[in-house]
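First comes the structure, then the notes that go with it.
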Amino acid sequence: MMRNIVLIGFMGTGKTTIGRLLAKRLARPFVDSDRKIEQQCKMSISDMFSLYGESYFREKERDVIAKLARYRHAVIATGGGVVLASENVLRLKRNGVLIALTASVDVILERTSRRHNRPLLEAEERESKIVRLLKERELLYRQADITIDTSDKSPQEIIEMILVFLREGGYLRGRN
Ligand code: S3P
């Protein structure tokens with residue numbers, strides 16, 4: 001079985017960027033769960049949060065993850081809050097290897113300030129919101145098979161680290 005390669009981690013840790021590059025490198029299909037949700041609901045995530053609230057978004061997220069988890073040999077980038085529902089993690093793990101990306105608060109702050117597309121960070125005190133959410137989720141992200149700090153590495157370096165891990169674990173030949 002060729003497992004999916006699933007990227008989890010906080011906002012701004014590089015899931016989408018790394019996922020897209022990794023998929024290209026491995027010639028595997030790439031899918032981003034947030035974009036899937038937006039396509040399916042014909043609405044941006046920001047609009048979804050402001051019109052219907054976070055719990056509505058989480059419902060849609062669960063539906064999309066249930067679908068994506070059935071894919072084979074895809075690279076899947078998830079939203080930062082995917083780990084909040086244990087069933088999401090269970091589903092993704094059943095058929096996938098989970099890679100957690102992390103980054104320092106400063107780097108997250110910098111990377112997430114470029115665009116206003118993260119409703120959870122549209123707060124007055126962005127930094128303390130990040131610190132609080134990180135603390136709440138820290139343990140949940142540790143359910144991954146490997147964790148990589150992306151704070152001061154180039155995308156290429158991160159891709160190489162992931163490839164070494166996948167090769168050594170036998171994930172690229174369906175041995176695992
Ligand atoms: C969220 C992260 C976002 C998106 C939504 C909620 C979160 O995805 O799913 O805004 O709870 O951390 P990214 O991690 O891709 O920004």
Side-chain angles (χ1 to χ4, degrees), residues 3-38 44-46 49 54 57-58 61 65 68 74-86 88-89 92-93 96-169 171-172 176:
R3 288 177 174 271
N4 294 318
I5 299 166
V6 183
L7 296 164
I8 66 169
F10 202 75
M11 296 171 263
T13 54
K15 302 178 297 283
T16 305
T17 306
I18 298 301
R20 192 171 283 134
L21 287 170
L22 187 64
K24 203 168 186 189
R25 178 76 176 265
L26 294 172
R28 291 191 185 205
F30 172 70
V31 50
D32 182 292
S33 69
D34 284 341
R35 298 294 85 73
K36 271 273 180 229
I37 295 165
E38 292 185 328
S44 73
I45 287 174
S46 298
F49 266 73
E54 179 174 349
F57 167 76
R58 296 297 173 203
E61 186 173 47
I65 292 296
L68 300 188
V75 176
I76 302 173
T78 60
V82 81
V83 292
L84 296 172
S86 55
N88 289 339
V89 178
L92 290 166
K93 267 190 171 246
V97 50
L98 265 59
I99 298 175
L101 301 183
T102 63
S104 68
V105 172
D106 283 351
V107 167
I108 289 172
L109 199 52
E110 208 270 313
R111 288 185 190 156
T112 57
S113 64
R114 295 174 203 156
R115 290 168 65 200
H116 287 273
N117 57 353
R118 283 162 170 120
L120 288 179
L121 298 183
E122 291 298 317
E124 284 280 304
E125 276 295 323
R126 278 167 35 78
E127 181 164 356
S128 54
K129 185 83 194 271
I130 290 170
V131 170
R132 183 164 64 74
L133 287 175
L134 270 175
K135 200 174 277 171
E136 281 172 20
R137 297 175 177 183
E138 202 171 47
L139 283 175
L140 299 173
Y141 294 131
R142 282 199 221 156
Q143 297 173 91
D145 299 285
I146 184 180
T147 300
I148 298 176
D149 189 341
T150 66
S151 300
D152 28 48
K153 294 186 192 79
S154 70
Q156 282 325 313
E157 287 174 298
I158 297 161
I159 297 290
E160 291 310 321
M161 289 176 73
I162 293 176
L163 288 173
V164 167
F165 164 76
L166 292 173
R167 267 186 225 116
E168 287 179 353
Y171 295 111
L172 296 181
N176 246 317

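Throughout, numbering of the chain's residues begins at 1 and tracks the sequence. No hydrogens, no waters, no symmetry mates; every other heavy atom, side chains included, goes into these values. Remember, it's a predicted structure, so these values are computed and weren't measured experimentally.
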Original post:
Considering residues, nucleotides and ligands other than Lys129, do more than 12 of their heavy atoms fall under 6.0 Å from its NZ?
Top reply: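 Buried by this count: over 12 neighbours within 6.0 Å.
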Original post:
Just wondering, are more than 12 heavy atoms of other shown residues or ligands nearer than 6.0 Å to CD in Glu54?
Top reply: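 Atom CD in Glu54 is packed in, count exceeds 12.
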Student check: side-chain heavy atoms of [X] and [Y] closer than 4.5 Å:
{"X": "Gln143", "Y": "Leu92", "value": "no"}
{"X": "Leu26", "Y": "Leu163", "value": "yes"}
{"X": "Leu84", "Y": "Leu140", "value": "yes"}
{"X": "Ile148", "Y": "Phe165", "value": "no"}

Closest approach of [X] to [Y] (non-hydrogen atoms, all atoms of both residues):
{"X": "Ile8", "Y": "Ala144", "answer": "CD1-CB, 4.1 Å"}
{"X": "Ala103", "Y": "Ile108", "answer": "O-CD1, 3.5 Å"}
{"X": "Ile76", "Y": "Leu68", "answer": "CD1-O, 3.6 Å"}
{"X": "Leu7", "Y": "Lys15", "answer": "CD1-O, 3.3 Å"}
{"X": "Asn4", "Y": "Ala74", "answer": "OD1-N, 2.9 Å"}
{"X": "Glu157", "Y": "Lys153", "answer": "OE1-CA, 3.4 Å"}

For the residue pair [X] and [Y], confirm or rule out a side-chain donor-acceptor distance under 3.5 Å.
{"X": "Thr150", "Y": "Arg111", "value": "yes"}
{"X": "Arg126", "Y": "Thr112", "value": "yes"}
{"X": "Asp106", "Y": "Ser104", "value": "no"}

Output the distance between atom [atom1] ([X]) and atom [atom2] ([Y]), rounded to the nearest 0.5 Å.
{"X": "Leu134", "Y": "Thr102", "atom1": "CG", "atom2": "OG1", "answer": "9.0 Å"}
{"X": "Glu38", "Y": "Ser46", "atom1": "CD", "atom2": "OG", "answer": "7.5 Å"}
{"X": "Leu98", "Y": "Ile146", "atom1": "CG", "atom2": "CD1", "answer": "12.0 Å"}
{"X": "Leu109", "Y": "Ile130", "atom1": "CG", "atom2": "CD1", "answer": "4.5 Å"}
{"X": "Arg58", "Y": "Ile65", "atom1": "CZ", "atom2": "CD1", "answer": "10.5 Å"}
{"X": "Ser44", "Y": "Ile37", "atom1": "OG", "atom2": "CD1", "answer": "12.0 Å"}

Backbone N/O of [Y] and side chain of [X]: donor-acceptor pair under 3.5 Å:
{"X": "Asp32", "Y": "Asp34", "result": "yes"}
{"X": "Arg137", "Y": "Gly9", "result": "no"}
{"X": "Asn88", "Y": "Val83", "result": "no"}

Original post:
Between Glu138 and Lys135, is there a salt bridge with N-O shorter than 4.0 Å?
Top reply: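 No.
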**OP:** Return the orientation label for the Tyr141 and Phe10 ring planes: parallel under 30°, perpendicular over 60°, tilted otherwise.
**Re:**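 Tyr141 vs Phe10 ring planes: perpendicular.
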